[in-house]
Protein chains: 2
Amino acid sequence: MFKYSATITTMASSHTAPAGVRWLNADEQSTWRAFLAMNKLIRETLERQLQQDAGMPMTYYIILAMLSEAPDRTLRMTELAAMAGTSQSQLSHAATRLEESGWIERRRCQGDKRGYQAVLTDAGFAILRSVSPSHVESVRSVLFDALTPQQVSQLRAIAGAVTNPEV
Amino acid sequence: MFKYSATITTMASSHTAPAGVRWLNADEQSTWRAFLAMNKLIRETLERQLQQDAGMPMTYYIILAMLSEAPDRTLRMTELAAMAGTSQSQLSHAATRLEESGWIERRRCQGDKRGYQAVLTDAGFAILRSVSPSHVESVRSVLFDALTPQQVSQLRAIAGAVTNPEV
DNA sequence: TCAACTTACATGAATGTTCAAGTATTCCGC
DNA sequence: GCGGAATACTTGAACATTCATGTAAGTTGA
């Protein structure tokens with residue numbers, strides 16, 4: 001079982017702990033530990049499944065998926081990076097790999113010769129199509145199957161609050 | 001804003017979608033997207049903070065933290081790996097680095113000459129002590145500050161359900 | 001219209017993680 | 001007490017990510 005030490009977020013022994021820090025209380029502490037364990041489990045599950053079934057990391061899968069939805073399965077690199085939530089550099093490296101695998105192509109932009117358009121190839125779409133069922137199944141079994149409908153909406157609210165804090 | 005394509009988990013266009021797959025419905029879909037975005041935000045925030053303040057990734061920080069709690073700040077590699085939630089291989093590589101940095105030492109086990117004990121050095125404890133306040137502050141600001149007390153306990157329950165499914 | 005700035009990407013080095021072997025020990029059954 | 005399996009770790013190659021930097025093309029203002 002994954003355990004995330006008190007030292008990190010509570011620094012329990014008072015004589016060794018820096019003062020004036022808002023350490024986590026017991027509830028927050030156990031929540032934090034559980035949260036980390038959950039993330040670790042989910043990430044590893046999906047990452048492994050995709051690696052097995054498609055030989056690519058989740059990041060690359062998301063990149064392909066984004067392209068698959070775009071008009072003409074085409075996006076400019078910068079837009080693609082924004083949608084997939086990657087840095088430009090990361091996307092650039094990924095695109096090199098994905099191009100080697102024959103799943104995307106890069107074409108120079110017409111109007112703007114600095115830019116490139118990434119296009120999902122048929123092979124790229126095919127791999128996506130073949131892998132997505134097991135991917136969804138993994139997402140289901142590792143996350144949704146464990147939750148009640150209530151918890152699903154709670155989780156959505158929580159995630160929304162974190163990514164879009166009120167203050 | 002991070003968007004996680006419908007293609008991956010719903011394969012919306014029915015004429016291109018493999019049949020017989022339990023795709024995610026709209027609620028699950030948006031929950032999943034929000035969940036990924038939340039994780040990404042939290043992980044990147046903490047990873048960056050630790051890298052800045054201590055020059056180490058979160059994994060290494062957790063390893064040190066585990067050691068800091070152990071009796072004599074000492075653990076066998078296998079135990080340490082289990083506690084930190086890393087593979088043996090990962091821990092071995094990490095230990096090499098951490099030893100280079102002077103934050104841990106490795107000693108042969110007495111009874112069992114196959115094994116090694118990892119010991120947190122004073123320097124290791126010092127770095128932990130100096131970094132933990134800002135780490136906790138990051139955890140607070142990126143997660144707990146955004147949540148109500150109710151949501152905190154909901155999150156704990158959700159994480160518990162995922163890591164310890166009933167079925 | 002030309003120099004300075006910015007934008008769009010690419011590239012390379014450094015680092016972390018995973019996977020597959022490899023090397024000592026120790027354990028176990030006969 | 002000996003041969004085979006299991007255990008405890010290490011190591012190296014392959015690959016992904018990040019950070020800093022480089023290059024080419026657009027944009028802007030005097």
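Because the structure is a prediction, the values reported are computed rather than measured. To find a chain, count down the sequence lines: A is the first, B the second, and so on, and within it residues start at 1.
Judged by distance alone, the side chains of Y116(A) and R107(A) never bring a donor and an acceptor atom under 3.5 Å apart.
Listed by first and then second residue, the salt bridge (charged side-chain N to carboxylate O under 4.0 Å, His left out) pairs involving residues 151-162 of chain A are R156(A)-D27(B) (not counting sequence neighbours).
Distance CG (L50(B)) to C1' (dT18(D)): 15 Å, rounded to an integer number of Å. One interatomic measurement links the two molecules: CG of L98(A) to C1' of dC9(C), which rounds to 16 Å at whole-angstrom precision. Counting to the nearest Å, the P atom of dA8(C) and the CG atom of L75(A) are 14 Å from each other. Rounded to whole angstrom, the span from the CZ atom of R107(A) across to the C1' atom of dA10(C) amounts to 20 Å. Note: CD (Q110(A)) to C1' (dG26(D)) measures 16 Å, nearest angstrom. Rounding to whole angstrom units, CE of residue M58(A) and C1' of dT18(C) are separated by 18 Å. Regarding R43(A), its CZ atom lies at a distance of 12 Å from the C1' atom of dT17(D), rounded to whole Å. Per the geometry, CD1 belonging to I62(B) stands 15 Å off P belonging to dG16(C), to the nearest Å.
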*What string of B, S and - do you get for nucleotides 2-15 of chain D 5' to 3' if you count protein non-hydrogen atoms under 4.0 Å?*
-----BSBBBB---
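Partners of E44(A) according to the side-chain contact (heavy atoms from CB on, under 4.5 Å) rule, which considers only residues two or more places apart in sequence or in another chain, are K40(A).
Under the 3.5 Å distance criterion, the side-chain polar atoms of R140(B) are matched with a main-chain donor or acceptor of W23(A). Between the T74(A) side chain and the D72(A) main chain, a donor and an acceptor come within less than 3.5 Å of each other. Looking only at distances, a side-chain donor or acceptor of E28(B) sits under 3.5 Å from a matching main-chain atom of N25(B).
Among the atoms of the strands shown, only primed sugar atoms or phosphate atoms (P, OP1, OP2) are found under 4.0 Å from some heavy atom of T59(B). Across all strands, G111(B) comes closer than 4.0 Å only to sugar-phosphate atoms, never to a base (heavy-atom distances).
At least one side-chain nitrogen or oxygen of Q90(A) sits closer than 4.0 Å to the OP1 or OP2 atom of dT18(D).
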*Can you list the steps and then say if R106(A) with S92(A) is a side chain to side chain contact (heavy atoms under 4.5 Å, CB included)?*
CA-CA 10 Å; R106(A) 271 181 289 197; S92(A) 188; 4.2 Å; yes
